[in-house]
Structure formats: structure tokens, C-alpha cells
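As a basis for the values below, the full set of heavy atoms in this structure was taken, side chains included, without hydrogen atoms, waters or symmetry mates. First the proteins, then the strands, lettered A, B, ... as listed; each starts at 1. All values derive from a computational prediction rather than experimental measurement.
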There are 4 protein chains.
Amino acid sequence: MSDREDQLVGEFPLIPKQERAQLKRDLLLKSGHELFILKGYEHTTAKEIAAHAGVATGTFYRYFSDKRQLLMSLLEDRIEMFMPPEPKWGVSDPETTLAGLLESHDKRLKEMGLQRLLPELVAKDAEFAQVLASGKRKIFTRILSGIKLANDKGLTWTDLDLNTVTWSLMTLAEHTPEKMKQCGIQTDYHEVAKVICRLIFPPEVIIKLRTCGTADEEENDI
Amino acid sequence: MSDREDQLVGEFPLIPKQERAQLKRDLLLKSGHELFILKGYEHTTAKEIAAHAGVATGTFYRYFSDKRQLLMSLLEDRIEMFMPPEPKWGVSDPETTLAGLLESHDKRLKEMGLQRLLPELVAKDAEFAQVLASGKRKIFTRILSGIKLANDKGLTWTDLDLNTVTWSLMTLAEHTPEKMKQCGIQTDYHEVAKVICRLIFPPEVIIKLRTCGTADEEENDI
Amino acid sequence: MSDREDQLVGEFPLIPKQERAQLKRDLLLKSGHELFILKGYEHTTAKEIAAHAGVATGTFYRYFSDKRQLLMSLLEDRIEMFMPPEPKWGVSDPETTLAGLLESHDKRLKEMGLQRLLPELVAKDAEFAQVLASGKRKIFTRILSGIKLANDKGLTWTDLDLNTVTWSLMTLAEHTPEKMKQCGIQTDYHEVAKVICRLIFPPEVIIKLRTCGTADEEENDI
Amino acid sequence: MSDREDQLVGEFPLIPKQERAQLKRDLLLKSGHELFILKGYEHTTAKEIAAHAGVATGTFYRYFSDKRQLLMSLLEDRIEMFMPPEPKWGVSDPETTLAGLLESHDKRLKEMGLQRLLPELVAKDAEFAQVLASGKRKIFTRILSGIKLANDKGLTWTDLDLNTVTWSLMTLAEHTPEKMKQCGIQTDYHEVAKVICRLIFPPEVIIKLRTCGTADEEENDI
DNA sequence: GATGAATGAGGGTTCATTCAT
DNA sequence: AATGAATGAACCCTCATTCAT
């Protein structure tokens, strides 16, 4: 808010209306986001979201028809952030690369925190589940096509189903942080990366990739 | 609670009563279970649980201090059923064995349905999350010890962290059914089993296990 | 309330449940009735009705799905009381009889007071309007048949449409009290009765009825 | 209010402004009128009235202190239109004349529609009820004086109270359209006119008026 | 003057929990 | 023990009215 105001100091006396409205909408989104993470979706009330955003209850309803719609908006903006990262294979050591991706992905997720809410909502809201599933399918397809490229070059296991491998990869990446804590072990991104790489590549391929990674000109988007 | 204590005092003068009480408690547990699955935890009311169990609203509160406690009881009884199965390695083809275990595990989960509720609750109830995590740790330990046995015999990958492998195994088993559907692919238990086995055993070990499985006397509980 | 309790004193220790529920329902009906009259339907809240009945808000919703339903119940019980009275002609002086009927009818209406609400509701609630209209039609039919009897005996005007006469009669009876005040004149039931009688009977018939009313054995229910 | 006062100061320096303001005021009155009829007074919001008039919400409050005041203004302008017509007796056939008046009166009412709202408001707003009653009294007085003229000429019933007759006449005229439908009969203006005439004039007077109506030079405003 | 975003009191309704019977 | 009516705090949402722009 003050950013934008500062930005305009000495230039325009007023912030355009639309922008101010957008600002309030964003405040509410942020507020909802924070409270959903803090207390869970069901335990957050519209009144609280408004109060925490510093606006009146009624203002909430100017921008969102209800709590659910706020959440939907939250997700439409950010759904891709909930998804596993898209590593590039064949660039130096794939395990190290992947470990870095996992770590930064998890950090982003932690900042957002919303992924803790997703299952709660999927269970209760069919429409929401669809939105989420369609996002997942998009990511899935992208990862799968990356793995297929590696497969075409004969780099992957030949006896595993690529769909299943892709799904495993996504699942492991998605649950890395919370789940490992639940089992009482420390999250070691590099070990997870090694496991995930083992799902895709035979050990000798990984060694090859590790040694001649940069020599290999081709980058494979996965 | 005090019921059971009474039960142990003086043989069985009150057992019929106790039995009836236990019956009611079970009816309520069953009713709560069904409704939680059907409508979600937050959207199920105590009145409904009582009505669906065929008892009065007030009776609910004789057996459970509140809705949350009913859920806790539900989980204490059944938490192990939410956990991944414990395969026995070295018994015939490990992939086929595992595929069968995965399938039956998923069937049990589907029958119970409660796992749909878990994330909703974990997000909101720290105590509940602890109960769940402790259950998971128990399973984790059991699986890990099984893998360690295999490791002692030189059957597993030597370059992967066994904790991480165990966690991956659990994660994949746990999410097999719902998650695969979300990505738009059919659940093929045998392919998942192959992927999981690849996490544990190098391919040549699997071939060996497959051919001399029954010859290998030792059963490894995992 | 105390009536029923007294009735049972020394016989039964408790008032049957059903009866107590009915009692509460009646309390709420009474409370709603009073407040609707006092403040108008729209300006009366469910909360107020409950408070005024001495029960909690939630109790209101145990007995009525909402405010509208309470009103409907109020009317189903009493709709006939809102209707014009049913005079018996040919019994002594018809004008005096009618005047008495008008007066007692108005008293009843005043006690109930609900008729002040009717137009407000008719205007806004089609279903309600139907309920009311069907009640009116019932009364209309009864009055009309009474007038037809008088007509068969050649007692009425021969050049007036009986339907229209009946309607006029009802309309005048219904609006006697409030409307006369609005025009700044005192309500004189006997004068209204004379006017209404003039609508039905020619003057000479009225004189005849007045003199030989009791001699005329036949009573005509109208 | 002060607008008009200003208008009279110094000829017309501000009249264009005034005119625009008056225009807006009229737009709002029209809009309120339409929506009150469509949805009822309580169910029409200030925002809607403004939007439907094509102005901003705030503008509403520049011209009216609140919703109620808009309605009052609406009525002050038009209260006479809600009143029964003022027939002229002794001009040709009084029954036909009256029938025509009734019909055109009803048409005007239907166009305006506001009379559906009146009872809702009378019930809740004492001041409003007064405004309405004073309007009615005005009409009442005018009709009464007309009837008195006829009375002076010996044309009316001699045994009926003129106040009561006048009131009956107004009441019947006012309720002709809606009420007859409620009773399930068709509105036949000519029959109603005959009934109303019978209240005022003995049959022989009507015949006389009918035959020598135009011969009778005097027009009686009622 | 005009605008329409913002306000927040208040209405309708639900439901976890209690308690008289 | 069992019942289910009663409770009332708290939820969601609306809308008359204000006020900065």
C-alpha cells in the first residue's frame, strides 16, 4: 500500500480507484491466506478475515461472495506454486540439481502454507477438487514429457511405467517436508533427490550424467 | 473409562449393563464414522451422530466428552489401518507380493474412508496430529527394521539412505489410490509395486528374489 | 399453562411432553402475534419473538422454520375470525342484529389485531395471499347462500346482483372500524348496519322484518 | 426544499442547476415508485433505487434524508390519486357515470400500484398514517358535500346517516378491484355502481335522474 | 455536487452442549 | 441411564448511511 503511494508521490495526487480496490482485494486475500493457514479453513470466519485485513465485515462481501470464493481466488492465482518443481536434467549433477529444486520448492510451499489446507478442501468441495486436479494434471503432463525425452535417449529404466514413475516423483516431491517430520526423521533433500533419481535413472546413467553433465549440450525440460 | 474399571471389580454383577453401554458406544462410533466420511467432520453435528445411531442427543455426551473425542476414539482403534501394509520380502516374487498388499491396503482404506478426514484434522488439531504422527512412527520403525534386515543381507541399494527409502515407500503406498486418479491415470498396483521395489532393491536382486523366493527360508517382516 | 397444571394436580406428577411442547408453541404464537401487531411483521425479529415469549432464540426454530411460518400458523388457526360475521336474518330487527354482530366482530378483530397486518403480507407473499383469499371465498359463499335464501323469499332488491351485494356487505363489515376513524368520523355500528341492510333489503322489507321478525319462524343462516 | 427558496432569489442565475437537480430528484422518485411496487417497500434498498435511477448511492441521500422520506414525497405528490373518484351526479344516468368513474379510477390505481404498499406502511409508521388519513379526510369532505347537495334537493334516502353513506361509498370504491378478485368473482363496475347508487338514492330517484338527467341543469360536484 | 467504497449494527439461522424430567 | 427440549453464543450476510475523493 504505502509502496504504491510512495511511488506516486509528487506525480499524481490520487491513486486510481481501480488500483485501490485491487489493493483492498489483495489485503483480504493476504489476510484470508494467513488465517486459513493459522487456523484452518473451517475455523476462519469472514469477519475475522476482514478484521485481520483491517476492513469492515461488509467490505469482505464487496470483494468476495463468500469465504469459499476467496479461497478459490487464492488458488487460481497460485495453484502452480503448490506443484512440484520442474527440474532440468542433464545439467551437471542431477541429484544435486534436484535436491536444490526440492528445497526451494518446499520453501515456497512453507511460505504459502496453503498446501496444508488442500486436503481438507478436496474432501469437502467437489468443485475445488476439480480445480486442483486439473492443475495437477498440467504439472503431471509437463514432468512426464521431460521424462519421455530422457527415455528417448535411453537414459531411464526400461522396465518401469513412465506414468507411474512420474506420479511417484510428484508424490514424493509434494510430501517431502511435512511427511518426513511426521516419521521422526530429518528432511535431507539430497537423500530424497537420490531416491527420486533412482526412480528415473539407473545408477550408471546418473554417474554418466554427473561426470559429463555440462558436456551434454541438450537441456531437457521436465 | 471408569466403566471398564468397574467391570474388573467383583467378577460380573454389572456386565449386562456394561455390555449395553459398550454397545451404545460402538453404535455411536460407527455412526460418527459413517457421517464423518459422508459429510466431513465439521459438517457433521452431534445431534446427527446420535440420531443416526438411534440414541438421543444427550446420550452422545454420556459416552464422549465431545465430537472431537469421538473422532479420537475412532482413530485410536484404527490408526494402524491407515498405515501402509507390512510386506514380507523374500517370499516369492516381491513385486507381486507388494502389489497385492497395496491393493488390499487400499481396499481397507476405502472401506474406512477416514483417511479423507485426516488432513482436515491434522491442520487444526495439534494433539490429533501428534496421535497420528506417533502411529506413523510406529509403522515407519517396523518397515525400516524390515529393510534393514534386507540390507544386512546385501539385498538393497547400498548408496541410498534407508530412512529416506522407508519414508518414500510409505508415502507412495499411502497415496496410491486417490493421487493417481487426480493425475488422470489409472491405478496400476503392479506398476507401483515395481517402482517401490526399485527403491529398495537393485534389479538383479529382484530377479534373484523372484526365482529363489521360496527357497529363501527367512521371512523378513517389514 | 397453570390451567393445565392445576387440572393434573394430585394425579400426574408431570405434564406430558407433547403438552409442554404445545404450550411453548402457543407461547411463541402469542408472542409473535403481539409483536406483529405492535411493530409490524417486517419489524419484528425472530429473536424478539423468542425473547418476548421468554425462551431462547433457538427454541423459536424448534417450533417454526421461520417467521413466515409462525404467521401462517397464526392464520390457519384464526382465519375465520378475520372474516365478517354471519348474521341471521329474520330474527327480530335485522338492523339491530347486524349492528350487534358488527360490533362484536370488530371487538374480536381488535383483540387479535392481526388484520392490520394482512395487507402488508398479501402484497408480498403470494402463498399467503392464496391462503387468505381461500378463506375469504369460504365466507363469501356462506354469506351469499344466506342472501339467496332471502332472495328466494322475495325479500331482497330484485335489480341488484347478489354477488356484488355480498361483496359490498363483506367489504363494509371488514373495514368498519379502522376506516371510519381514518375519515374522521365516529364508528356508529347502527348506522353502518342500516346502510348494509339497505344494500340487501328494500326499506319496506326491513320494516316488515322489524315488526314480525320473531313471528317469522324460519332462521336464515347467512 | 432550500432549492426552491433559492430559486426565488434573484430571478434565475442558478436555474439550470436547479433543473438538473429536480430532474435527478424526479428520477429517484420514479425509480423508488417502480421498485416499491415491484418488490415492496421493505424489500427495496436505497442502493437499488439509486442504481435503477442511474445515479450513485450517495446521490440518493442528497435528495432524500432516507428511504422513508422518498416514500412520503411520493405520496404527498399523489395522494389524491389513491382516493375514490368524485362523480358528478345528475348528469345523465348516474349509474353509468359512476361505473365509468370507478373503472377509470381503478385504472389509475393499477398504473400507480402504490396502494398495495399503503397498508404495509400505515401499520408501521404513525406519521405516514396521519398523512394518509388527512388525505382521506379531504376526499371524504368533498364527497360528503356533494351528497349533501343531493340531500338538500331531497334526492337521497332520508333515513341513512350521510357520513356513513359517504364512508361506505369510499370504501366500496377503494376496494373494488383487488377485493372482488379475492372473492372469486369478476369485477363488474356497473353492478358495483348500481349498489353504490342504491346507498345514496332510492330507486325512484335513480329512475328520475336517468330519464331527466340532462334536463337537470345543475351539476353537483361530489 | 456526485460518486461508490466503506462501515458495522443487526437480522436470520445453526448447533455444541446442558439439564430437567 | 436416557431423553430431547432448551439454550445462547457465534456464524453468515445485508443494507442504511457516511465520507473521502
Hey, does the side chain of A/Lys24 come within less than 4.0 Å of E/dA6's phosphate (OP1/OP2), counting only N and O? yes
- Heavy atoms under 4.0 Å, any strand shown: does C/Thr45 hit a base, just sugar-phosphate, or nothing? sugar-phosphate
- Within the pair D/Lys47 and F/dC15, is there a side-chain N or O less than 4.0 Å away from OP1 or OP2? no
*Distance test, side-chain N/O of A/Thr59 to OP1/OP2 of E/dT7, below 4.0 Å*: yes
Open item on the list: Check whether B/Tyr63 forms a cation-pi arrangement with B/Lys24 (NZ or CZ under 6.0 Å from the six-membered ring centre, at most 45° off the ring normal).
Closed with: no
Cation over ring, C/Lys67 on C/Tyr41, under 6.0 Å and within 45°?
-> yes
Of B/Arg62 and A/Gly58, the one whose closest nucleotide on DNA chain F sits nearer the 5' end is B/Arg62
Is B/Tyr63 near enough to F/dA2 that one of its side-chain N or O atoms lies under 4.0 angstrom from OP1 or OP2? yes
When pairs are called at under 3.5 Å and a stem needs at least three consecutive Watson-Crick or G-U pairs, the stems of DNA chain E are E:2-21 with F:2-21
### Task
Considering just the side-chain nitrogens and oxygens of B/Thr57, establish if one lies under 4.0 Å of OP1 or OP2 belonging to F/dG4.
no
Exercise. So what does D/Phe64 hit on the nucleic acid, given a heavy-atom distance under 4.0 Å: a base, only sugar-phosphate, or nothing?
Worked result: nothing
Whichever of A/Gly54 and C/Lys67 has the more 5' nearest nucleotide on DNA chain E, that residue is A/Gly54
message: Could you check whether any side-chain N or O of D/Glu48 sits under 3.5 Å from a backbone N or O of D/Thr45, counting only pairs where one atom can act as donor and the other as acceptor?
response: yes
